[in-house]
Amino acid sequence: MIRSDRLGAWLLTGAVAGLVGGVVLALAMLELGMMASMALIVTARESLGVGLVVHFALSAVFGVLFAALVRNQARRNDALVFWGLAFGAVVWFLDPLTLYPLTSGQPVTWSLAAAQSSFDLLLGFLLFGATTGLALLILSRPVVRRPSLTGLSLGAAAGLAAAAIAAGLLNDQGQTPTFAALPADTAGPAAWLAALIIGAVAGAGFAALAQRPSDSAGAGLVRGAMYGFLLWVVLRLTVLPLILEGGLPWSAGAAADAYPALLAYLVFGGFLGVGYQWLRGLWRVLFDEVDSSDDEEGVGTRGLRALGRGIAAGVVGGLLFTYVMMQVGALRGVAGLMGGESQIAGLVIHLVIAMLFGAAYGLLFRRQSYDAGSAVGWGVSYGFFLWILGPQILMPMLLGATPAWSAAGAASLTASLVGHLAYGAGLGLTYHWFETRHNPWWIARRQADEARLQRRREALQSAAPALWALVLVVGLTLPVILGAPA
Amino acid sequence: MRRRRAGRLVTRLEREPVLIGALAGAAAALVFLVPATPMGGFDGLLGSPVDDALLAVHLVIGAAVGAAYARLIPLHRRGEHASRITLALMAGLILWVVGPLTIGPALDGAAPTWSVEAASRHFPSLIAHLMFGGGLGVLLALAARAGVGGGAEARTASRESVQPVRVVIVGGGFAGLGAAQRFEELNRRDVPLDVTLVSRSNFLLFTPMLAEVASSGLDAQAISAPIRVACPHTRFRHADVQAVDADAKCITAIPIGSNETEEIAYDHLIVAVGSVPAYYGLPGLAEHAFTLKTLEDAARLRNHVITALETAEQQTDGPARQALLTFVVAGGGFAGTEAIAELFDLVRSVRRYYPGIARDEPRFVLVHSSDRIIPELSRELGDYARERLERRGIEFVLGRRVAAADAESVTLDDDSRLPTRTLVWTAGNQPSPLLRGMPCERNRRGQLVVEPTLQVPGMDGVWALGDGAQVPDVHRPGAFHPPTAQHAIRQGKTVANNVVSVASGRAPKPFNYRAIGSLVALGSRTAAAEVAGRKFSGFVAWVMWRTIYFTKLPGMDRKVRVALDWAIDLLFPRDIVLLPGPSDTPEPSAGGRNGKADPRPGPEPVAPGASDA
């Protein structure tokens, strides 16, 4: 995976990739009329020409920095794009919120208001990061693998199914058109058709990025969800509005209006990721001669073991969650799921749910974590997805209402988000502890073990850490930035 | 001098990721966390004075987080900067949720709300924490690049350079396997170990259910778990151990299927050999008695009983027919009682297929030397068991011993004769013959005398446990632990802990275990049990027996197999297929596990019932 190319050449490639990303960002900034103020970094007055020069110089610098950071990461297709996305988010915190005020002599406030007012730049930097990653990928051509027709078809199929789920959820709220950024009064069939087309195409695109993933369906879930976030930024907030409306709805307020679409894309991506992984597995079982699982125990042994550990770990995560719920007095609401009212009923139902989702975690994320960091990473990512799936989808449905997605609604659920993240962290860590305790599989003795260990080490080089950080940044900042009163 | 001191510091830093993590964490906190605290005021960055106490608190928190981060998240290769920094970013975000959003309000005496208002209020702090995480990550990445704090690599390298402690376990029973599995759990955390398990069978036999195999209730495979599956990281040798050389610290073994001997060196030897039947030189027993110690024994006995039924149905000669239909078990301990109950169940369950055999024709006799069976249980439960079995028609000959046997009958010590073609011997066990060659103290039964820590006195690095060791009970001075599976498993864990302790320079601990209880299955969905001082009998005890032993079965697949077999047994009669394989006569030289008659005089008789059922 690691190429031993010379540092200088690699950094130069990074600079070029940064310039490519810079072009995309420059177009957006010109559209938003922000380019002239870039000149303030070096001169006292705004100037478009100086601004452009400064912008591209900075783009190249950030491109070099990005290339240096990911030099030893695995350069798989999806990895560089997700690293780019994460890099973009970090640059936003670093540049417009910190460095720009410092260099232009303004006070650094890091305030919510500042974050809200420069939300358009967050989108810009996310776009810049993803483009830079993609450009770096394409410029370092030898490692790009061409997607196979099979993979694209499987991805399109998974995307179609996932889009149907996401559009169905939007349909319940009368919001189907928002998936494709269509006007709210678009006829149902047209909105559905648009959503399904986007789903199929985006599914194929996901397959082109993810190729033949060697990790579990759980990793697919997280990767897919963040792919969904990328789509929301690139497609829903940028490309589609440019085509349909001729403008960029990049303000925090406009993005808050597109919050239902964000959830839809996250759900779409999550199901796409899992579905693609499963379809790939099915395809391998049905048509591939070589079964790569010959070093595994039987499905029964590993499945039941994963289930048992997941349930036990779910209890630990559930207890952490319970602490959060007790602090904010939310246990009674859970009891409402079964028509009860008491705290005890709420606690019992809550723990049962925690065990069920713990079992699912066990099956989805078996043997994915190799240290405490990765355990927390997968765990909180799973917890974030459950926060979407639970209080924003299943809970209203089970209580007999239709989900009503809004940024303000999500903002009112931040305590629940913290609870879900705590649940995920506890679940992930405990599950990891169970796996280390019994039969520590990374102590290599046999060759098969060695190979498996190698695969897991590759996970560290993969974009998994980028995904975890993105999940946390998206989960913790977006509800606050979009949902809090300006 | 100064240079040497600096050199030592660098070495220390190279080895101690925690130290470098703490330094990096404190530095990152100084730059990012302190200015952003609500009390110090965010404008601290721009010149306002920062409270000293606050500064100290944040430095300590930063250092602690940095140290924990460096300790918990070892990155195996230098250079994955993006991963390193991103993970630290993540840690910063989590710290924001735990700190300002959770602990902060608690310190102010309020309940945390985690509301969007709180989050908005602490938004500057969120970015500060992100920066802190990023700073920590960058510093650690730089440190790794400079070659310091490469924790995982340094540890791995130092582990690899240390010669692992060689541990050899002899015996693949409950004790040996328990030790091996414990070593696998310890391997990662403590001294490097190289564990080899030598056993002449490649599976663990779940002996509590052996009688059910003999009675066609369970398949043989269901109660045997492959050792390689149970402890996949232990080196397994399928071999017969011939001798122990305590001076040279090695054992001699002959791999099964080979004639060449192999020497295996050890630093610690764990002798966990089981017991073999002891006949005490009684005439005819070695030739004519069935035993119930191995899968072959069980299969042989099962085939023999079915053949006896087949033959008896065609046999009209009175005495010969009677001998064929009389089943005698010698020994009224757990094993003997369960054996007679299971034999009764087998014959009763399949008798309908042999219309020539009358219902009351088959005879079941249990010969026992004392006046109460199952001496391990209380008298009350022992009597209960006897009454239950007597009511079914099983006869008890108490206060008598088997004195001799031939092909047609069993002679008791009062010279009375019982015509039978089936004698099952569970009345005596002796430790494996291997122990006799070891230069150390043995008790009169031939068990090795060991310390409470399971060490064998006078033999450096040798430990003994299980059936072959006399383990003192620390709770009852002068008494010893019985040779049962539940003790053997715990002794296995203790010995593994102790070997690791000794290897890492700590003192071993004595074996300290109180038996939870004992259970005996009496067939026909009844059992007797004594758990934590309470007595249970009948169906409830039977459910307990099945539940407890079911959970103890090694491996999920075995559990599924046994559950299926039990379900089939519930719905259908037992199987009477004569299986190919072991003959239906006792192995002429049945001397136990080694399959060889042992010409040497055995130790003194063991009290009947001391067998490990």
Side-chain angles (χ1 to χ4, degrees), chain A residues 68-73 83 86-87 90 93-94 97-98 107-112 115 297-298 300-301 304-305 324 327-328 371-373 376-377 380 411-412 414-415 417-419 421-422 425 436-440 443 445-446 457 460-461 464-466 468-469 472-473 476-477 479-480 483-484, chain B residues 35-36 42-43 45-46 69 72-87 89-91 93-94 96-97 101-102 111-121 123-128 130-131 134 141 152 181 184-185 187-188 229 231-235 555-557 559-560:
Chain A
L69 284 173
V70 298
R71 181 162 185 253
N72 290 330
Q73 304 290 149
W83 276 120
F87 182 72
V90 170
F93 285 109
L94 210 60
L97 292 186
T98 312
V108 180
T109 59
W110 287 347
S111 68
L112 180 58
E297 313 129 292
T301 305
L304 288 173
R305 198 177 279 159
V324 173
Q327 292 294 325
V328 298
D371 62 20
V376 172
V380 296
S412 70
T414 45
L417 170 66
V418 169
L421 294 181
T436 57
R437 209 175 126 263
H438 177 83
N439 182 13
I443 299 170
R445 172 123 326 149
R446 297 178 298 127
R457 281 188 182 154
L460 192 68
Q461 298 179 336
W468 307 327
L472 270 181
V473 168
L476 288 175
T477 60
V480 178
Chain B
F42 174 65
D43 40 357
L45 186 62
L46 304 175
Y69 176 83
L72 282 177
I73 303 172
L75 293 189
H76 299 277
R77 282 161 196 254
R78 288 170 195 166
E80 291 132 348
H81 303 317
S83 284
R84 204 177 280 256
I85 295 168
T86 315
L87 280 168
L89 269 179
M90 209 170 79
L93 276 174
I94 291 172
W96 176 68
V97 176
L101 290 196
T102 309
T113 58
W114 299 290
S115 63
V116 71
E117 290 76 25
S120 310
R121 206 162 50 246
F123 196 81
S125 168
L126 165 71
I127 300 185
L130 254 178
M131 298 283 176
Q181 286 182 324
E184 292 205 347
E185 286 175 10
N187 193 18
R188 198 171 68 96
V229 175
C231 37
H233 302 295
T234 301
R235 191 171 292 117
M556 193 55 77
D557 51 339
K559 286 192 175 74
V560 174

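What you see is a predicted model, and the numbers here were worked out from it, not measured in a lab. Just so it is clear: chains get the letters A, B, ... in the order the sequence lines come, proteins before strands, and each one is counted from 1.
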Below 4.5 Å, heavy atoms only, C-beta onward: do [X] and [Y] meet side chain to side chain?
{"X": "B:Arg121", "Y": "A:Leu112", "value": "no"}
{"X": "B:Leu87", "Y": "B:Tyr69", "value": "yes"}
{"X": "A:Phe93", "Y": "A:Thr477", "value": "yes"}
{"X": "A:Leu472", "Y": "B:Ile94", "value": "yes"}

Part of [X] within contact of chain B (heavy atom distance under 4.5 Å):
{"X": "A:Ala86", "result": "neither"}
{"X": "A:Val418", "result": "side chain"}
{"X": "A:Val324", "result": "both"}
{"X": "A:Leu97", "result": "side chain"}

Using a cut-off of under 4.5 Å for heavy-atom pairs, which of B:Val229, B:Leu130, B:Asp557 has the most such pairs with chain A? B:Leu130
If you count heavy-atom pairs under 4.5 Å between each of B:Pro112, B:Ala118, B:Cys231, B:Ala119 and chain A, which one has the most? B:Pro112
Quick one: list whatever passes side chain to side chain donor-acceptor pair (under 3.5 Å) with A:Thr98, sequence neighbours left out. A:Trp110
Under the side chain to side chain donor-acceptor pair (under 3.5 Å) test, residues paired with B:Trp114 that sit two or more places apart: B:Thr102
Go through the atoms of B:Met90 and report whether side chain, backbone, both or neither lie under 4.5 Å from a heavy atom of chain A. both
Using non-hydrogen atoms and a 4.5 Å limit, figure out which bit of B:Leu93 sits close to chain A: side chain, backbone, both or neither. both
Distance (rounded to the nearest 0.5 Å) between B:Leu126 CG and B:Leu101 CG: 8.5 Å
Using a 4.5 angstrom heavy-atom cutoff, name the option from A:Ala422, A:Ser412, A:Gly373 with the most pairs to chain B. A:Gly373
